Engineer: 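Input: one structure, supplied below.
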Amino acid sequence: MAVTDYEAVPEVSVDQHPQRGTVVMKFGGTSVAGPERLRGVARRLVSAHEGGSRVVAVLSAMGATTDELVSLAHQVSARPDPRELDMLISVGERISCALAAMAINDLGHRAVSLTGSQAGIVTDTKHGKAKIVDVRARRIHESLDRDEIVLVAGFQGVSTAQDVTTLGRGGSDTTAVALAAALGADRCEIYTDVEGVFTADPRIVPQARKLHAVSYEEMLEMAASGAKVLQLRCVEFARNHGVTLHVRSTFADVEGTWILEEDDRMLEKAMIAGVTYETEEAVYEGEGADPAEVFQALADAAVNVDTVIQIGAGLVFSAPSEDHAEAAAVLERLGAQWSERQGLGKVSVVGAGMKSHPGVAARTFSTLAGIGVRSEFVSTSPIKIAFYVPREDVERSVRALHEAFELAESTIEREHA
Ligand code: ADP
Ligand code: ASP
Ligand code: MG
């Protein structure tokens, strides 16, 4: 049994009278790293505004600010209180927004920066990985009606218990898509430090190609298996609310990658969209436990279980390494016989065309065998094959699979209308 489980996405109350011409533009950490880049972002927002759009920007924290704040917390406390940690790390996004608003004002346009809470992003109460449950966009509309450019601090909201929450690493992507859905925006543009979604992480496969179009399903699988260019939750939101995403470069004015509904041309042109990887996989193995009890307890602890494999009485599952402490505590509490497999990473081949092209499994197995990599577990979905391999073999496996499926060739290019 192998399961890829995606959680339900809440209904957000879409504006009854969507205004035409709203655009949500999200800028990641590298895109706002430093005063010069922030001024560049301000110029882009102003030019979208001058083009006639109602402009809502979602900004990330500058550069490595979030990492630095997390590290600061750990220097002060061995186990930072989750509520206080959220108070701390939500600050980075506020800094970017306030600075960008100043730069926009200097360009002669009016701008207002808002925290997640002020922007009406309401979440559940799970600190550190809160989920958006509602977007109350009245204040944003009022600002847009006054012809202001609205800057919303990404990655955060206010919980139903009125505390500041954060949405998990990479969460500004999700803020942007939730706002685009709630505002009935025409476009949601994700500006980042690469030119789009590539056939593999360009940092480890220099020949990787930019994909023109990727289906929601493929992007979900890619995000879930390590392509951190988009947060998984943001893709779930986009799919469920029909938000078309355009992932593109902050630094070059070129077309990026469109994330949208699957289209026949995607299936015909290329069976594989990309190869993704994760270097840190927490894999747990046990026997004799009641799976229903185990997974309920993990769900209650908000552990996001990824792959599940059951063979007879044996159960294997993986979960994000950041959920490690919670997962270990749950397993210990259940008193089950569990062990953890150390040193594993995961390499996945993703593509909607797999559904209609046999032989993908054969080619992946023979490619890994050809470079002497032995996988410990394999899990599949209709459009993905994932191999758990020793961590030190991850990068060369990605490169070998990228080559075996000829992903650097231009024939894989997909167009969409
Ligand atoms: P941002 O700060 O803009 O949110 P991220 O660092 O979260 O940017 O995501 C962009 C990074 O994702 C890229 O620099 C790239 O190294 C990495 N990445 C991993 N896999 C892919 C992929 N398949 N396509 C594009 N980028 C990828
Ligand atoms: N600043 C947060 C992070 O580094 C959120 C984001 O950039 O999307 O994870
Ligand atoms: Mg990101």
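All figures in this text were calculated on a predicted structure; none of them were measured in a lab. We're numbering straight along the sequence, starting at 1.
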Engineer: Could you list all the ring pair (Phe, Tyr, Trp, His ring centres under 6.0 Å) pairs where at least one residue sits in residues 316-336, not counting sequence neighbours?
Structural biologist: Tyr284-Phe317, Phe295-Phe317, Phe317-Trp338
Engineer: Grab the two heavy atoms, one from Lys26 and one from Ser60, that are nearest each other, plus how far apart they are.
Structural biologist: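 Where Lys26 meets Ser60 most closely, the heavy atoms are CE-OG, 3.7 Å.
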Engineer: Compare every heavy atom of Ser225 with every heavy atom of Thr276, then report the nearest pair and how far apart it is.
Structural biologist: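 Minimum heavy-atom separation between Thr276 and Ser225: OG1-OG, 2.7 Å.
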Engineer: Indicate whether the side chain of His402 and that of Thr199 have a donor and an acceptor atom separated by less than 3.5 Å.
Structural biologist: yes
Engineer: Could you tell me which residues satisfy side chain to side chain contact (heavy atoms under 4.5 Å, CB included) with Thr250, sequence neighbours excluded, listed by chain and number?
Structural biologist: Phe27, Ser31, Tyr191
Engineer: Given side chains that start at C-beta, do those of Ile371 and Thr367 come closer than 4.5 Å, heavy atoms only?
Structural biologist: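 They are not in side-chain contact.
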Engineer: Can you give me the closest heavy-atom contact between Phe377 and Ile309, atom names plus distance?
Structural biologist: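 Result for this residue pair: CB-CD1, 3.9 Å.
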Engineer: State whether the side chain of Ser249 and the backbone N or O of Ala252 hold a donor-acceptor pair below 3.5 Å, judged by distance alone.
Structural biologist: yes
Engineer: Does atom CD of Glu84 have more than 12 heavy-atom neighbours, drawn from other residues, nucleotides or ligands, at distances under 6.0 Å?
Structural biologist: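 Yes, because the 6.0 Å sphere around CD of Glu84 holds more than 12 heavy atoms from other groups.
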Engineer: Counting only heavy atoms from other residues, nucleotides and ligands, does the tally under 6.0 Å from CZ of Arg94 exceed 12?
Structural biologist: no
Engineer: Can you check side-chain contact (heavy atoms from CB on, under 4.5 Å) on Val56 and Val23, steps first, answer last?
Structural biologist: CA-CA 6 Å; Val56 177; Val23 57; over 6 Å; no
Engineer: Does any part of the side chain of Ile132, heavy atoms only, come nearer than 4.5 Å to the side chain of Val122, both counted from C-beta?
Structural biologist: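 No - every pair of side-chain heavy atoms lies 4.5 Å or more apart.
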Engineer: Quick one: side chain to side chain contact (heavy atoms under 4.5 Å, CB included) partners of Lys126, sequence neighbours excluded?
Structural biologist: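 Side chain to side chain contact (heavy atoms under 4.5 Å, CB included) check on Lys126 returns Asp124, Ala302.
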Engineer: May I have the step-by-step check of salt bridge (charged side-chain N to carboxylate O under 4.0 Å, His left out) for Glu189 and Arg248, ending in yes or no?
Structural biologist: CA-CA 7 Å; Glu189 311 229 307; Arg248 57 189 305 191; 2.9 Å; yes
Engineer: Does the pair Arg341 and Glu285 meet the rule for a salt bridge (charged side-chain N to carboxylate O under 4.0 Å, His left out), with working shown?
Structural biologist: CA-CA 7 Å; Arg341 292 294 291 267; Glu285 246 179 319; 3.4 Å; yes
Engineer: How many angstroms lie between CD in Glu395 and CZ in Arg203, if you round to the nearest 0.5 Å?
Structural biologist: 11.5 Å
Engineer: Donor-acceptor check, side chain of Thr257 to backbone of Leu211, threshold 3.5 angstrom: yes or no?
Structural biologist: yes
Engineer: Thinking salt bridges, do Arg136 and Asp134 make one under a 4.0 Å N-O criterion?
Structural biologist: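 Salt bridge flag = yes for Asp134 with Arg136.
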Engineer: Going by the rule ring pair (Phe, Tyr, Trp, His ring centres under 6.0 Å), which residues pair with Phe365 if we only count those two or more places apart in sequence or in a different chain?
Structural biologist: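 Phe365: ring pair (Phe, Tyr, Trp, His ring centres under 6.0 Å) contacts with Phe387.
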Engineer: Apply salt bridge (Lys or Arg N to Asp or Glu O under 4.0 Å) to Arg44 and list each qualifying residue two or more places apart in sequence or on a separate chain.
Structural biologist: none
Engineer: Which residue, Glu217, Glu221, Glu218, Glu262, forms the salt bridge (charged side-chain N to carboxylate O under 4.0 Å, His left out) with Arg239?
Structural biologist: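 Result for salt bridge (charged side-chain N to carboxylate O under 4.0 Å, His left out) with Arg239: Glu217.
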Engineer: Please round to the nearest 0.5 Å and tell me the distance separating atom CG of Asp81 and atom CG of Leu88.
Structural biologist: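 It is 11.5 Å, given to the nearest 0.5 Å.
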Engineer: If I take atom CG from residue Leu407 and atom CD from residue Glu409, how far apart are they, to the nearest 0.5 angstrom?
Structural biologist: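 Reported value, rounded in 0.5 Å steps: 9.0 Å.
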Engineer: Backbone N or O of Gly256 within a donor-acceptor pair of the His246 side chain at under 3.5 Å?
Structural biologist: yes
Engineer: Return the minimal non-hydrogen interatomic distance between Ala200 and Ala208, and the atom names on each side.
Structural biologist: O-CB, 3.4 Å
Engineer: Verify side-chain contact (heavy atoms from CB on, under 4.5 Å) between Met62 and Ile95, making sure each step is shown before the conclusion.
Structural biologist: CA-CA 8 Å; Met62 296 169 70; Ile95 295 175; 4.1 Å; yes
Engineer: Between Asp173 and Arg233, does any side-chain N to carboxylate O distance fall below 4.0 Å?
Structural biologist: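 No, no charged N to carboxylate O under 4.0 Å.
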Engineer: By side chain to side chain contact (heavy atoms under 4.5 Å, CB included), which residues pair with Ala325, not counting sequence neighbours?
Structural biologist: none
Engineer: Hey, could you give me the OG/CG distance between Ser321 and Asp323, rounded to the nearest 0.5 Å?
Structural biologist: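 Here the interatomic distance stands at 8.0 Å.
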Engineer: Between Tyr388 and Thr307, is any side-chain donor less than 3.5 angstrom from a side-chain acceptor?
Structural biologist: yes
Engineer: Just to verify, which of Val350, Val229, Ile259, Leu230 counts as forming a side-chain contact (heavy atoms from CB on, under 4.5 Å) with Met222?
Structural biologist: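 Single side-chain contact (heavy atoms from CB on, under 4.5 Å) partner of Met222 among Val350, Val229, Ile259, Leu230: Val350.
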Engineer: Name all residues meeting the side-chain hydrogen bond (donor to acceptor under 3.5 Å, both in side chains) criterion together with Thr174; count only those two or more places apart in sequence or in a different chain, and write none if there are none.
Structural biologist: Gln231
Engineer: So, are Lys346 and Asp306 salt-bridged, with charged N and O less than 4.0 Å apart?
Structural biologist: yes
Engineer: Where is the tightest heavy-atom contact between Trp258 and Thr244, given as atom of each residue plus distance?
Structural biologist: CE3-CG2, 3.7 Å
Engineer: Given 3.5 Å as the limit, does a donor-acceptor pair link the side chain of Arg187 with the main chain of Leu245, or not?
Structural biologist: no
Engineer: Rounded to the nearest 0.5 Å, what separation is found between the CG atom of Leu220 and the CD1 atom of Ile383?
Structural biologist: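 Between Leu220 CG and Ile383 CD1, I get 8.0 Å after rounding to 0.5 Å.
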Engineer: Pair Met271, Val360 - check side-chain contact (heavy atoms from CB on, under 4.5 Å), show working.
Structural biologist: CA-CA 9 Å; Met271 61 182 176; Val360 174; 3.9 Å; yes
Engineer: Scan for side-chain hydrogen bond (donor to acceptor under 3.5 Å, both in side chains) pairs involving residues 287-296, sequence neighbours excluded, and state none if there are none.
Structural biologist: Gln296-Asp300
Engineer: With Glu142, which residues qualify under side chain to side chain contact (heavy atoms under 4.5 Å, CB included), at least two apart?
Structural biologist: Arg138, Arg146
Engineer: Could you tell me which residues satisfy ring pair (Phe, Tyr, Trp, His ring centres under 6.0 Å) with His127, sequence neighbours excluded, listed by chain and number?
Structural biologist: none
Engineer: Heavy atoms only: give me the nearest Glu195-Lys210 pair and the separation to one decimal.
Structural biologist: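 Nearest heavy atoms, Glu195 then Lys210: O-CD, 3.2 Å.
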Engineer: Answer with yes or no whether the side chains of Ser143 and Glu148 bring together a donor and an acceptor at under 3.5 Å.
Structural biologist: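 Yes.
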Engineer: Roughly how far, to the nearest 0.5 Å, is the SG atom of Cys97 from the CG atom of Leu38?
Structural biologist: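 Reported value, rounded in 0.5 Å steps: 9.5 Å.
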Engineer: Side chains of residues 150-169: which donor-acceptor pairs under 3.5 Å do they make with residues two or more places apart or in other chains?
Structural biologist:
| residue | atom | partner | partner atom | Å |
| --- | --- | --- | --- | --- |
| Gln156 | NE2 | Ser90 | O | 3.0 |
| Gln156 | NE2 | Gly154 | O | 3.3 |
| Ser159 | OG | Ala161 | N | 3.0 |
| Ser159 | OG | Gln162 | N | 3.3 |
| Ser159 | OG | Asp163 | N | 3.1 |
| Asp163 | OD1 | Arg83 | NE | 2.7 |
| Asp163 | OD1 | Arg83 | NH2 | 3.1 |
| Thr165 | OG1 | Thr123 | OG1 | 2.8 |
| Thr165 | OG1 | Gly157 | O | 3.3 |
| Thr166 | OG1 | Asp86 | OD1 | 2.6 |
| Arg169 | NH1 | Asp67 | OD1 | 3.1 |
| Arg169 | NH2 | Asp67 | OD1 | 3.0 |

Engineer: For Phe198, which residues count as a ring pair (Phe, Tyr, Trp, His ring centres under 6.0 Å) partner, sequence neighbours excluded?
Structural biologist: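 So Phe198 forms no ring pair (Phe, Tyr, Trp, His ring centres under 6.0 Å) with any residue.
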